[in-house]
Peer 1: 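Would you mind keeping the following structure in view while I ask a few things?
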Amino acid sequence: MRTIKVGLLGFGTVGTGVVRNFQRNAETIGKRLCCNVELAKIVDRDVAEDRGVQLEEGVLTADVEDVISNPEIDIVVELFGGYEPAKSFILKAIANGKHIVTANKALMAVHGEEIIAAANRQGVSVMFEAAVGGGIPIISAIKENLCSNEFSSILGILNGTCNFILTKMTESGGDFAPELQKAQDLGYAEADPTFDIEGVDTAHKIALLSALCFGTTVDFDQVYTEGISNIAAIDIQFATQMGYKIKLLAIGKNYGDQIEVRVHPTMIPKSYQLAEVNGVFNAVRLTGDFVGPTLLYGSGAGMDATASAVMGDVIAISRDKISGARSRVPIMGYCADQIKALPIKAMSEIISHYYLRFTTIDEPGVLAKIAGSLGKHNISIQSMIQPESHTVDSVPIVLMTHAAKEADVSSALLEIEDLNITSQPTRLIRVEPNL
Ligand code: NDP
Ligand code: HSE
């Protein structure tokens, strides 16, 4: 029986999960694959640390060349993370004829075009299922099972760390910092966790999903990105009172001649399925013209779930190799010459509902002035909460608006700021009442 040899770059959280999956399910994988797949080499700068798995002599090495330039290796699995040197190693491995599997969303979202062009020239595969949604098979669903559909939108809770933190803050009223530490201890967070909490990791993922769904390149710098670090306990309390949950939502929409790609905290009605996605779980809601709205749900981060996605790609490439298939599925789901460059709609042009929390001074006419400014800018108020307060200089007024244009909301808030009736910056959270 033929043996496919795999080389792993990175023996950290996900790398260790991949080794565990290889070892524990070797027999099952062999039965499904009809060939042998062997983890021949693992590279990490630390070859001494005990990672709780046994390896044969000679498998672990600190020399990257043992994988990327090793003529015996068929598939290189990149789990170093980050832009460099991961990119250079992948490009060298491609030049050496290796197929690539990576979980590196940052690299694929920002430098994917260069990597894919190199792979297409060389006739090798690049697969990155683990880069989005942990163990959820969303990329293969878009590229294969649902590929007869035109997709109009893709919405997702795509960062396990943020969803874990927001869930804990909602359930227990807990503070942000200790929950982030727990997510890091559980292996969910990025090496630099600001990528998680400031929404960058989610933006990498929705950029990739939008490109795959809508057949376009996505300029990552144009993706509006706002994280959860400014979410205050009081906003979670008001959201709960009004029947909403706050989630870090990734939004991709297709208008034919332009797309929306954005990431920000979003209030969604408690009764919606996405509102029930808690903890490290992720979910993606994809709408195709034939399949209709479709929800995929599962563990969005962590050693084992992510390893499952990596292994799925390893097995897919191995199957292609043993059957002689070459580039059976285009790397981005569309033939390379069919990929467009659709512009991303400016944030000022988007339409949304808004939660606005003003912190005002307690004097006659304040509410009328706020309502007047909003009305002047075509913003209609849907509901209002003004709890009784025992201080005169920081009274919260919470307004929920009907659908409004972001540019109008920004203009109204600037005008209200100039009225000298607020004592703290106004908090704005976008609301999606009609998913
Ligand atoms: P880790 O930091 O746990 O593992 C990376 C490992 O690679 C570390 O041991 C690191 O060593 C080593 N390494 C990095 N660069 C080099 C280098 N140049 N030479 C030798 N060794 C190197 O990261 P994760 O396993 O969590 O993540 C890996 C990738 O998977 C990232 O792209 C991440 O975004 C992605 N991912 C992670 C998920 C998760 O749940 N953790 C989920 C989905 C995707 P050192 O620690 O010394 O730097
Ligand atoms: N840091 C990421 C998260 C890992 O928390 O979702 C999974 O991509």
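Counting starts at 1 for both ligands and their atoms, in listed order. Note that this is a predicted model, so its numbers are computed, not measured.
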Peer 1: I need the atoms of ligand 1 closer than 4.0 Å to a non-hydrogen atom of Gly187, numbered in the order shown.
Peer 2: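 Every atom of ligand 1 under 4.0 Å from some heavy atom of Gly187: 39 (C), 40 (O), 41 (N).
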
Peer 1: Measure up the His204 and Tyr83 rings against each other and bin them: parallel (under 30°), tilted (30 to 60°), perpendicular (over 60°).
Peer 2: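 Geometry flag for Tyr83 against His204: perpendicular rings.
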
Peer 1: Tell me, which protein residue and heavy-atom name are nearest atom 8 (O) of ligand 2, and how many Å apart are they?
Peer 2: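 Result: Lys105 NZ, 2.5 Å.
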
Peer 1: How far is atom 5 (O) of ligand 2 from its nearest protein heavy atom, and which residue and atom is that?
Peer 2: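 For atom 5 (O) of ligand 2, the nearest protein heavy atom is Thr161 OG1, 2.6 Å.
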
Peer 1: Answer yes or no: is there an ion pair linking Glu114 with Lys87, defined by an N-O contact shorter than 4.0 Å?
Peer 2: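 A salt bridge is present here (some side-chain N lies under 4.0 Å from a carboxylate O).
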
Peer 1: Compute the minimum heavy-atom distance from Ala189 to ligand 2 and say whether it is under 4.0 Å.
Peer 2: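 Within the 4.0 Å threshold, so yes.
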
Peer 1: Mark up the atoms of ligand 1 that fall under 4.0 Å of a heavy atom belonging to Gly81, in ascending order.
Peer 2: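 Every atom of ligand 1 under 4.0 Å from some heavy atom of Gly81: 31 (C), 32 (O).
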
Peer 1: Looking at Glu226 and Arg430, is any side-chain nitrogen of the basic one under 4.0 Å from a carboxylate oxygen of the acidic one?
Peer 2: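 Yes, charged N to carboxylate O under 4.0 Å.
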
Peer 1: What's the shortest distance from atom 47 (O) of ligand 1 to any protein heavy atom, and which residue and atom give it?
Peer 2: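 The answer is Arg45 NE, 3.0 Å.
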
Peer 1: Should we count CD of Glu72 as having more than 12 external heavy atoms under 6.0 Å?
Peer 2: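 No, the 6.0 Å shell around CD holds no more than 12 heavy atoms from other groups.
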
Peer 1: Using a strict cut-off of less than 4.0 Å between a Lys/Arg side-chain nitrogen and an Asp/Glu carboxylate oxygen, indicate whether Arg326 and Asp320 qualify as a salt bridge.
Peer 2: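 No.
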
Peer 1: Establish whether atom 23 (O) of ligand 1 and some protein heavy atom are separated by less than 4.0 angstrom.
Peer 2: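 False for atom 23 (O) of ligand 1.
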
Peer 1: Could you identify the single nearest non-hydrogen protein atom to atom 4 (O) of ligand 1 and state the distance to 0.1 Å?
Peer 2: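 Minimum-distance protein heavy atom for atom 4 (O) of ligand 1 reads Gly12 CA, 3.2 Å.
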
Peer 1: Less than 6.0 Å separating the ring centroids of Phe151 and Phe214?
Peer 2: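 When the ring centroids of Phe151 and Phe214 are compared, they turn out to be at least 6.0 Å apart.
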
Peer 1: Between Asp201 and Lys105, does any NZ, NE, NH1 or NH2 come within less than 4.0 Å of an OD or OE carboxylate oxygen?
Peer 2: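 Yes, this pair counts.
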
Peer 1: In ligand 1, which numbered atoms sit nearer than 4.0 Å to a non-hydrogen atom of Ala301?
Peer 2: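 Listed by number with element, the hits are 40 (O).
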
Peer 1: Checking the N or O distance criterion of under 3.5 Å, is ligand 1 in contact with Val64?
Peer 2: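 In this structure, Val64 places no N or O atom under 3.5 Å from an N or O of ligand 1.
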
Peer 1: Considering residues at least two apart in sequence or located in another chain, which fulfil the salt bridge (charged side-chain N to carboxylate O under 4.0 Å, His left out) criterion with Lys340?
Peer 2: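 Partners of Lys340 by the salt bridge (charged side-chain N to carboxylate O under 4.0 Å, His left out) criterion come out as none, since no residue qualifies.
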
Peer 1: Out of Ala103, Gly300, Gly134, Gly160, who gets a non-hydrogen atom closest to atom 6 (O) of ligand 2?
Peer 2: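 Among Ala103, Gly300, Gly134, Gly160, the closest heavy atom to atom 6 (O) of ligand 2 belongs to Gly160.
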
Peer 1: Which is it for Thr306 and ligand 1 at heavy atoms under 4.0 Å: side chain, backbone, both or neither?
Peer 2: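 The answer is the side chain of Thr306.
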
Peer 1: Do Pro85 and ligand 1 have an N or O pair less than 3.5 Å apart?
Peer 2: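 Looking only at distances, the answer is no, because the N/O contact criterion of under 3.5 Å is not met.
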
Peer 1: Taking 4.0 angstrom as the limit and counting only heavy atoms of Glu190, give me the atoms of ligand 1 inside it, by number and element.
Peer 2: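 Answer, ordered by atom number: 33 (C), 34 (O).
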
Peer 1: Taking only heavy atoms of Ala130, which atoms of ligand 1 are found under 4.0 Å from at least one of them?
Peer 2: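 This gives 43 (C), 44 (C) as the contact atoms.
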
Peer 1: Compute the shortest N/O to N/O distance between Gly10 and ligand 1 and return yes if it is under 3.5 Å, no if not.
Peer 2: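 Such a contact does not occur with ligand 1.
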
Peer 1: State whether the shortest distance between N or O atoms of Tyr188 and N or O atoms of ligand 2 falls below 3.5 angstrom.
Peer 2: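 Yes: some nitrogen or oxygen of Tyr188 is under 3.5 Å from one in ligand 2.
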
Peer 1: Could you tell me whether the side chain of Glu78 and the main chain of Gly81 form a donor-acceptor pair under 3.5 Å?
Peer 2: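 Flag set: sc Glu78 to bb Gly81 pair under 3.5 Å.
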
Peer 1: For atom 2 (O) of ligand 1, is the nearest protein heavy atom closer than 4.0 Å?
Peer 2: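 Given the 4.0 Å limit, the answer for atom 2 (O) of ligand 1 is no, no protein heavy atom qualifies.
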
Peer 1: Between Met303 and ligand 1, find which residue part has any heavy-atom pair under 4.0 Å and reply side chain, backbone, both or neither.
Peer 2: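 Within the 4.0 Å criterion, Met303 makes no contact with ligand 1.
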
